[in-house]
Amino acid sequence: MEITKKDVELAAKLAKMRVSEQEATIYQEQLEALFKWVKELSAVNTDSVRLTNVNHCAHMRPDTAVTNPALAAQLRGAFDQEQDQCAKVKKVL
């Protein structure tokens with residue numbers, strides 16, 4: 001897959017990044033190498049490979065509510081403003 005500087009500039013714009021001409025050239029080469037590598041990987045036949053060592057719960061934790069009013073008040077006190085018994089933070093966009 002051929003990546004052009006225009007593609008790199010568009011990706012940078014979408015990511016709200018500024019990219020110099022020199023950086024665009026570097027990223028273009030890196031992205032072309034990445035897509036070439038992905039193409040090589042997709043060519044490998046993995047039909048006979050068995051899936052092993054699957055742990056579906058390794059990243060999960062029990063979703064149990066913890067109620068500690070004193071700790072909650074202390075944490076809310078660390079913020080400048082409070083709204084509806086919640087810490088109010090600045091909007092992040």
Side-chain angles (χ1 to χ4, degrees):
M1 176 176 197
E2 183 183 348
I3 304 292
T4 64
K5 280 190 183 178
K6 200 170 193 173
D7 294 328
V8 173
E9 291 167 358
L10 175 62
K13 182 180 177 183
L14 293 171
K16 298 184 179 182
M17 293 173 48
R18 285 188 216 126
V19 178
S20 69
E21 280 293 317
Q22 183 181 11
E23 290 172 325
T25 303
I26 293 169
Y27 294 148
Q28 178 185 5
E29 293 169 2
Q30 291 176 345
L31 286 169
E32 282 180 348
L34 175 69
F35 282 107
K36 181 182 175 190
W37 181 64
V38 169
K39 188 175 181 180
E40 288 176 22
L41 286 177
S42 66
V44 175
N45 182 359
T46 58
D47 291 342
S48 62
V49 177
R50 280 187 340 136
L51 184 61
T52 61
N53 197 17
V54 177
N55 188 351
H56 295 287
C57 298
H59 64 283
M60 306 207 37
R61 63 168 176 75
D63 194 15
T64 55
V66 177
T67 306
N68 186 337
L71 178 60
Q74 179 185 0
L75 291 172
R76 283 194 311 269
F79 289 85
D80 294 334
Q81 295 180 357
E82 185 176 321
Q83 181 177 342
D84 300 326
Q85 294 184 345
C86 294
K88 188 174 180 182
V89 297
K90 292 180 183 177
K91 188 187 305 183
V92 178
L93 293 177

- Query: Just by modelled atom types, is the Glu2 backbone N or O under 3.5 Å from a matching donor or acceptor in the Glu32 side chain?
  - Reply: no
- Message: So, using side-chain contact (heavy atoms from CB on, under 4.5 Å) as the criterion, who are the partners of Ala12 when residues are at least two apart?
- Response: Met17, Val19
- Across all chains, not counting sequence neighbours, the side-chain contact (heavy atoms from CB on, under 4.5 Å) partners of Leu41 are Trp37
- Selection residues 6-22 - residue pairs positive for salt bridge (charged side-chain N to carboxylate O under 4.0 Å, His left out), sequence neighbours left out: Lys5-Glu21
- Task: Quick one: name the residues clustered hydrophobically with Leu10, using the 4.5 Å side-chain heavy-atom rule over I, L, V, M, F, W, Y, and just say none if it's on its own.
- Result: Leu14
- Query: Out of curiosity, Lys39 NZ to Leu34 CG, how far, rounded to the nearest 0.5 Å?
  - Reply: 13.5 Å
- What residues form a side-chain contact (heavy atoms from CB on, under 4.5 Å) with Thr46, not counting sequence neighbours? Val44, Val49
- Among all residues two or more places apart in sequence or in another chain, which pass the side-chain contact (heavy atoms from CB on, under 4.5 Å) test with Ser20? Gln22, Glu23
- Co-members of Phe79 in a cluster of I, L, V, M, F, W and Y side chains, linked at under 4.5 Å: Val89
- Query: Is the CG atom of Asn68 crowded by more than 12 outside heavy atoms at less than 6.0 Å?
  - Reply: yes
